[in-house]
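Please read the structure below before turning to the comments.
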Amino acid sequence: MGVTCVCQVPVVEGKSVQQTVEQLHKRLEQLGAVKQGSFFVDCETYHATTNTGAQPSKLLYVMHNSETPLSCLVLFDGGPTLAADANFDVLMVKLKSHFQNAKGHKVESRGARYRYADFLIKVGTVTMSSSARGISVEVEYSACVVPGDCWNLMKEFMQSFLGPSVPDLPSVFSSKAEGLFAPADCMDTMNQYLELFSKIRKQQVLPGSGVR
Amino acid sequence: MADVMNVGVNLEAFSQAINAIQALRSSVTRVFDSLKDGMKNKETLEGREKVFITDFQDNLQAVNRDLTELERLSNLVGRPSESHPLHNSGLLSLDPVQDKTPLYSQLLQAYKWSNKLQYHAGLASSLLNQQSLKRSANQIGASAKRRPKVQPSTLVLPIQYVDDVISRIGRMFPDMSIELFRPNGTSAVLLVTLGKVLKAIVVMRSLFIDRTIVRGYHENVYSEDGKLDIWSKSNYQVFQKVTDHATTALLHYQLPQMPDVVVRSFMTWLRSYTKLFQTPCQRCGKFLQDGLPPTWRDFRTLEAFHDTCRQ
């Protein structure tokens, strides 16, 4: 597992989400990338019911990633993270009295997975309650483990198919105190997805972007 | 068109020439027949001789006539075979049953191939002569008798000395950690970890570097039974390429008299990969080409280039 960057790609004006995704696929294939199956990332939100006093209730996110199909990744709002077995979902049902599932807050990103040399590219459509809200692009450079080292290289690669709208170094990496070493699990990636999902959730529903 | 016409004329001349040859042969036969029969029975001896001589003269004149005729015709026939680039084999192209026996086209193909082969072989041999790999050049250059004498002195070095050289090199480069293993007897295997970029396994024979393999920093260098895995290649294209280049470097840095210098130069060269992902290509100025960063390092200047950008 190398250095990963997740970013949102704006929908091209006058085109639907689907068309923009297809355009991205086309550009990747022209570059020489090879399609390798599909992927999904999903996220469910839970509220803590044991709310004490004036503090706003903390949120708990339970996420799944098709790269680690046997694990379930749990992230507290600004707190610790946890990688658990897949049947953690069942445990959450038992903990109903402490954590309540926020209905209709389930977000997921699904799409195709491409490989190009040592890069892994995942172009996904972000859907919330069955309406397409945006496009996520995840680029992973698996040969390197230090984000600061290969960032320029990744930026050049992303420019080659995303055009000028390339994001800055993800904040997950820049805020890390010691070194820029990405740990072996995919928490950094999930953090970035979470950030992206909450950004998209706050967005207004784009007119005419429903799933067809 | 001209060719076709020519062939037609020649064919006519040919048939005439063949007729002329037949005539010549028959006239020559007549000469010998008359000679064999000898003089015919006549009343007088003089008469006999006279008739014989006239017959003989007539026959010889006929031979002469036919011969002149043949010479005239042979000029007309000319030499068609030499006008063709492939000489006599060119006549195969005249074969009317092309489809059944495509001999001529096959012949042309084979000719082209052999021409090309000769050309490329010539190029290759001139190139190889220019930049002969030093290791093999040594084997050819040094006389066969001297070679075995040189080998033992450098191949059988005390273990202590090898350890010493390696640890000195390790102290020279603080960003490079070198671990030494001796899994099977006296030969050393080095595990070189370069920053957070790569790990290289260097298999040594005494102080000669025998083989090297480069893997990613986060890749496994041990096999399941806990030994160093010196065989399987990296999963990443970048490091597969770097492995190739490192093998080239092994062949480049050769100095049989001073093996410690060789190891030191190789390690200096390997250390230039510490900025593998951070340095753009010195020629094209880009980071990526075909999805790979600049994997080549110049042997002298240690500058970074893409594999296709160097020279």
Side-chain angles (χ1 to χ4, degrees), chain A residues 1-5 27-36 67-68 113-122 139-164 166 169 173 176-189, chain B residues 174-177 193-200 213-222 232-246 271-297 304-309:
Chain A
M1 177 134 304
V3 177
T4 314
C5 170
R27 265 190 232 157
L28 280 169
E29 270 156 25
Q30 275 168 356
L31 204 65
V34 185
K35 194 174 171 186
Q36 274 191 339
E67 290 294 308
T68 56
R113 197 168 171 273
Y114 282 87
R115 168 145 321 261
Y116 174 62
D118 295 323
F119 289 98
L120 194 62
I121 308 106
K122 297 174 191 171
V139 175
E140 179 183 329
Y141 188 58
S142 42
C144 183
V145 286
V146 188
D149 276 7
C150 63
W151 179 247
N152 283 326
L153 186 146
M154 286 180 75
K155 212 155 100 179
E156 189 183 296
F157 173 64
M158 284 193 272
Q159 266 162 1
S160 67
F161 73 98
L162 290 180
V166 167
L169 185 69
F173 300 133
K176 275 223 175 123
E178 86 305 22
L180 293 165
F181 179 63
D185 59 21
C186 55
M187 274 310 172
D188 284 344
T189 315
Chain B
D175 52 347
M176 208 157 117
S177 84
T193 311
L194 182 64
K196 280 178 179 166
V197 178
L198 56 83
K199 284 180 181 170
I213 192 152
V214 179
R215 301 211 190 107
Y217 178 73
H218 52 306
E219 277 190 282
N220 215 351
V221 286
Y222 297 99
S232 52
K233 58 180 184 184
S234 169
N235 289 326
Y236 303 111
Q237 288 184 20
V238 190
F239 296 113
Q240 289 173 15
K241 204 86 189 165
V242 175
T243 305
D244 290 350
H245 293 328
R271 202 175 72 107
S272 62
Y273 280 108
T274 172
K275 291 199 183 303
L276 174 62
F277 301 113
Q278 298 173 52
T279 337
C281 170
Q282 296 298 306
R283 178 155 306 204
C284 67
K286 289 193 170 175
F287 282 98
L288 290 172
Q289 196 177 69
D290 297 329
L292 294 176
T295 47
W296 174 260
R297 295 289 182 277
F305 291 104
H306 287 125
D307 196 16
T308 45
C309 284

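Every chain is numbered from 1 and lettered A, B, ... according to where its sequence line falls, protein lines coming before strand lines.
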How long is the span from the [atom1] atom in [X] to the [atom2] atom in [Y], to the nearest 0.5 Å?
{"X": "A:D149", "Y": "B:Y217", "atom1": "CG", "atom2": "OH", "value": "12.0 Å"}
{"X": "A:M154", "Y": "B:L288", "atom1": "CE", "atom2": "CG", "value": "10.5 Å"}
{"X": "B:L276", "Y": "A:C150", "atom1": "CG", "atom2": "SG", "value": "10.0 Å"}

Residue pair [X] / [Y]: nearest heavy atoms and the distance that separates them:
{"X": "B:K196", "Y": "A:V146", "result": "CB-CG2, 3.7 Å"}
{"X": "A:A117", "Y": "B:G291", "result": "CB-O, 3.6 Å"}
{"X": "B:V238", "Y": "A:A143", "result": "CG2-CB, 4.0 Å"}

Checklist entry - Any donor and acceptor pair, going by atom type alone, linking the side chain of B:H218 with main-chain N or O of A:C144 inside 3.5 Å? => result no
Checklist entry - So, A:E156 side chain and B:K286 main chain: donor-acceptor pair closer than 3.5 Å or not? => result no
Item to check | Trace of the side-chain contact (heavy atoms from CB on, under 4.5 Å) decision for A:V3 with B:F277 | outcome: CA-CA 12 Å; A:V3 177; B:F277 301 113; over 6 Å; no
Checklist entry - So which of A:L31, A:N152, A:L153 has the largest heavy-atom pair count under 4.5 angstrom toward chain B? => result A:L153
Item to check | B:N235 vs A:D118 side-chain heavy atoms within contact, under 4.5 Å | outcome: no
Item to check | More than 12 heavy atoms of other groups within 6.0 Å of B:K241 NZ | outcome: no
Item to check | Check against side-chain contact (heavy atoms from CB on, under 4.5 Å), B:F287 and A:F157 | outcome: CA-CA 9 Å; B:F287 282 98; A:F157 173 64; over 6 Å; no
Checklist outcome for this item: So, the part of A:Y116 with a heavy atom under 4.5 Å from chain B: the answer is side chain
